[in-house]
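First the structure, in the form of structure tokens, and then the observations on it.
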Amino acid sequence: MTFVARCTPFAFVALTACAPSQDVAMPEPAEGALLFAQNCAICHGANGQGGSTGTDGPPPADLTRLALANGGVFPREMVLTTVDGYNRQALGDQRMPEFGGFLGGETVPLDVSGTASAEDANLTPVPRALAALVAYLETLQVK
């Protein structure tokens with residue numbers, strides 16, 4: 001038996017272990033509400049409608065109108081990339097701090113587009129804390 005033939009089953013097991021499990025319990029909005037209160041409410045207000053940083057510059061975004069500003073669809077990908085700092089350049093004058101604490105630990109499979117049906121979803125491993133925050137922010141959206 002060749003080396004490749006002997007190692008292929010082990011490689012498959014190793015790669016399978018890296019993939020997010022479909023059986024992982026997704027975070028509930030209440031988990032995200034606690035994270036929001038601890039990390040975001042100081043600028044965005046307790047209800048997510050914006051607030052003040054006490055500095056010159058634009059006020060923090062009203063997080064209850066994200067879906068409204070996006071044609072009625074909650075912009076999961078934009079929220080994820082804003083919190084994790086990936087699109088920090090696009091914020092311009094806004095002074096959104098980086099939240100590295102949301103980026104570590106256990107991951108959960110999340111459809112980052114939020115628009116696919118369950119069977120068509122393209123799941124991406126996302127840190128659990130970040131997924132919880134997104135779940136909570138989705139509940140704040142005004143119609």
Identify each donor-acceptor pair in which a side-chain atom of residues 129-137 lies under 3.5 Å from a protein atom, sequence neighbours left out, and give them as a table.
none

Should V79 and M26 be regarded as members of a common hydrophobic cluster, given that ILVMFWY residues are connected when their side-chain heavy atoms come within less than 4.5 Å of each other, either directly or indirectly?
yes
pair L110-L80: side-chain heavy atoms closer than 4.5 Å
yes
Strictly by salt bridge (charged side-chain N to carboxylate O under 4.0 Å, His left out), give each pair with a member in residues 63-75 just once, sequence neighbours left out.
D62-R65
Closest heavy-atom pair, A25 versus V108, reported as atoms and distance to 0.1 Å, is O-CG1, 4.1 Å
Please list all pairs meeting salt bridge (charged side-chain N to carboxylate O under 4.0 Å, His left out) that have one or both residues in residues 33-48, counting only residues at least two apart or in different chains.
none
Mind checking what makes side-chain contact (heavy atoms from CB on, under 4.5 Å) contact with N47, not counting sequence neighbours?
Q49
Please identify each residue that fulfils side chain to side chain donor-acceptor pair (under 3.5 Å) with Q141, with sequence neighbours left out.
none
Does anything in residues 32-41 form a salt bridge (charged side-chain N to carboxylate O under 4.0 Å, His left out)? List the pairs, not counting sequence neighbours.
none
Just to verify, what does E138 make a salt bridge (Lys or Arg N to Asp or Glu O under 4.0 Å) with, not counting sequence neighbours?
R76
V83, L66, N70 screened by side chain to side chain contact (heavy atoms under 4.5 Å, CB included) with M78, the one that passes:
L66
Sequence neighbours left out, what pairs pass salt bridge (charged side-chain N to carboxylate O under 4.0 Å, His left out) with at least one residue falling in residues 27-44?
E31-R128
Less than 3.5 Å apart, which donor and acceptor atoms pair up between the side chains of residues 37-45 and the rest of the protein, not counting sequence neighbours?
{"from": "N39", "atom 1": "ND2", "to": "L35", "atom 2": "O", "distance (Å)": "2.9"}
{"from": "H44", "atom 1": "ND1", "to": "A61", "atom 2": "O", "distance (Å)": "2.8"}

